[in-house]
Participant: 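Can you read through this structure? Questions will come right after.
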There are 2 protein chains.
Amino acid sequence: MKKGDILTDDQKAVARLAKAMGHPIRMYVLELLSRQTCCYSGDLTEVLPIAKSTLSQHLKELKDAGLIQGEIEAPRIKYCLDQENWKLAQDLFKKFLNT
Amino acid sequence: MKKGDILTDDQKAVARLAKAMGHPIRMYVLELLSRQTCCYSGDLTEVLPIAKSTLSQHLKELKDAGLIQGEIEAPRIKYCLDQENWKLAQDLFKKFLNT
DNA sequence: CATATTGTTCGTAAAATGACGAACAAATAT
DNA sequence: ATATTTGTTCGTCATTTTACGAACAATATG
């Protein structure tokens, strides 16, 4: 924790999360997963108007931010919210927005 | 509201807000303003380790996203949260985060 | 009027983002 | 063993983001 560093860890953390949420496609995925526990990316490809490689990138960003996790299941991959980090995100945003 | 459009307005709106919040400097400003009603950008320039032109850009982004507003006051500019949109942002994030 | 003070705008540059199709890897099914 | 399904990775490209300093505009102060 360097001294001259003005920005707090929480500010950095919530900015990191917000950045990951800063695209409509990614919010679509997050909302879906917050409603139905899991989904397969194939389902998303069918519905979303983007190439599967692009979707893959978006999912990777959500994964890198810790918001979702993917579990290999036969030929497909099952995506779910990362419950632990999701709770953390809830708390962080609550902290920054509610007061 | 076009038919083939999968993404909802709320998803787009919250993504827009999240994008604006997706930088530590901007979260710093937002947190400050959520605590102390207003500030002058000069105060920020003193504290933050970035050029004033860069700060100006960040403030503009927050303004464009509707999160803050600037009021000219003599030689300086007073920045505050845009209360109305801030409430909207609170509601949107609450909705998406299930809080 | 001259001169600070304050912030934006401009020009520039490096890096990141978002998108695509093609190629690839892994696993299942034929 | 070959084909099919599923998703990632690669190469590419255009656009956006982040950052800086210099120049500029507007407004106070001497």
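Computation of the quantities below employed the complete heavy-atom set of this structure, encompassing side-chain atoms and omitting hydrogens, waters and symmetry-equivalent molecules. Order of the sequence lines sets the chain letters (A, B, ...), proteins ahead of strands, with each chain counted from 1.
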Participant: Once you apply a heavy-atom cut-off of 4.0 Å, does B:Ile50 come out as touching a base, just sugar-phosphate, or nothing?
Facilitator: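 The answer is sugar-phosphate, as B:Ile50 gets under 4.0 Å only of primed atoms, P, OP1 or OP2.
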
Participant: Hey, which of these two, A:Ile72 or A:Arg26, hits DNA chain C nearer its 5' end, going by closest nucleotide?
Facilitator: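 Looking at DNA chain C, the more 5' nearest nucleotide goes with A:Arg26.
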
Participant: Would you say a side-chain N or O of A:Lys19 is under 4.0 Å from OP1 or OP2 of C:dT17?
Facilitator: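 Yes.
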
Participant: What's the OH-P distance between A:Tyr40 and D:dT6, to the nearest Å?
Facilitator: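 Value for this atom pair: 12 Å.
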
Participant: Short question: side chain of A:Ser34, backbone of A:Glu31 - any donor-acceptor pair under 3.5 Å?
Facilitator: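 Pair found, side chain donor or acceptor close to backbone of A:Glu31.
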
Participant: Determine: side-chain N/O of B:His23 to OP1/OP2 of D:dT16, distance under 4.0 Å, yes or no.
Facilitator: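 For B:His23, the contact criterion (side-chain N or O under 4.0 Å from OP1 or OP2 of D:dT16) is not met.
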
Participant: Side-chain N or O of B:His58 less than 4.0 angstrom from OP1 or OP2 on D:dT17?
Facilitator: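 No, because none of the side-chain N or O atoms of B:His58 sits under 4.0 Å from OP1 or OP2 of D:dT17.
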
Participant: To the nearest angstrom, how far is B:Leu62 atom CG from C:dT8 atom C1'?
Facilitator: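 Computing the B:Leu62:CG to C:dT8:C1' distance gives 16 Å.
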
Participant: Between A:Lys52 and A:Gly22, name the one whose nearest nucleotide on DNA chain C is closer to the 5' end.
Facilitator: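 Here A:Gly22 is the residue nearer the 5' end.
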
Participant: Atom CG of B:Leu48 to atom P of D:dT18: distance rounded to whole Å?
Facilitator: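 Taking atom P of D:dT18 as the reference, CG of B:Leu48 is at 15 Å.
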
Participant: Could you check whether atom NZ of B:Lys60 has more than 12 heavy atoms from other residues, nucleotides or ligands sitting under 6.0 Å from it?
Facilitator: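 No.
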
Participant: Given atom CD of B:Gln57 and atom C1' of C:dT9, what is their separation to the nearest angstrom?
Facilitator: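 Taking atom C1' of C:dT9 as the reference, CD of B:Gln57 is at 9 Å.
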
Participant: What is the distance, rounded to the nearest whole Å, between atom CD of B:Glu46 and atom P of C:dT5?
Facilitator: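 Distance check: B:Glu46 CD to C:dT5 P gives 12 Å.
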
Participant: Select base, sugar-phosphate, or nothing to describe what B:Glu61 touches, counting heavy atoms under 4.0 Å on all strands.
Facilitator: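 Since only primed, P, OP1 and OP2 atoms lie under 4.0 Å of B:Glu61, the category is sugar-phosphate.
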
Participant: So how far is it from A:Leu17 CG to A:Leu92 CG, rounded to the nearest 0.5 Å?
Facilitator: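 Reported to 0.5 Å precision, the distance equals 6.0 Å.
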
Participant: Verify the contact: side-chain N or O of A:Ser53 to OP1 or OP2 of C:dC20, cut-off strictly under 4.0 Å; return yes or no.
Facilitator: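 Answer is no, no contact under 4.0 Å.
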
Participant: Which nucleotide, C:dT8, C:dT6, D:dT8, lies nearest any side-chain atom of A:Tyr79?
Facilitator: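 So the nucleotide nearest the side chain must be D:dT8.
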
Participant: Using only side-chain N and O atoms of B:Ser56, determine if any of them is under 4.0 Å from OP1 or OP2 of C:dG7.
Facilitator: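 So the side chain of B:Ser56 is outside the cut-off, no N or O lying under 4.0 Å from OP1 or OP2 of C:dG7.
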
Participant: Please answer whether the main-chain N or O of B:Asn85 pairs with a side-chain N or O of B:Asp82 as donor and acceptor at a distance below 3.5 Å.
Facilitator: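 Judged by distance alone, yes, a pair lies under 3.5 Å.
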
Participant: Quickly work out the A:Lys78 NZ to D:dT6 C1' distance and round it to whole Å.
Facilitator: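 For the pair A:Lys78 NZ and D:dT6 C1', the rounded distance is 17 Å.
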
Participant: Would you kindly give the NZ-to-P distance between B:Lys60 and D:dA19, to the nearest whole Å?
Facilitator: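 Answer to the nearest Å: 16 Å.
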
Participant: When you check the gap from the basic side-chain N to the acidic O, do A:Asp5 and A:Lys12 get nearer than 4.0 Å?
Facilitator: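 Yes.
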
Participant: How is B:Ser41 classified with respect to the nucleic acid when contacts are heavy atoms under 4.0 Å: base, sugar-phosphate, or nothing?
Facilitator: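 Sugar-phosphate contact only.
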
Participant: Measure the distance from CG on B:Leu59 to P on C:dT8 and round it to the nearest whole Å.
Facilitator: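 B:Leu59 atom CG is separated from C:dT8 atom P by 7 Å.
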
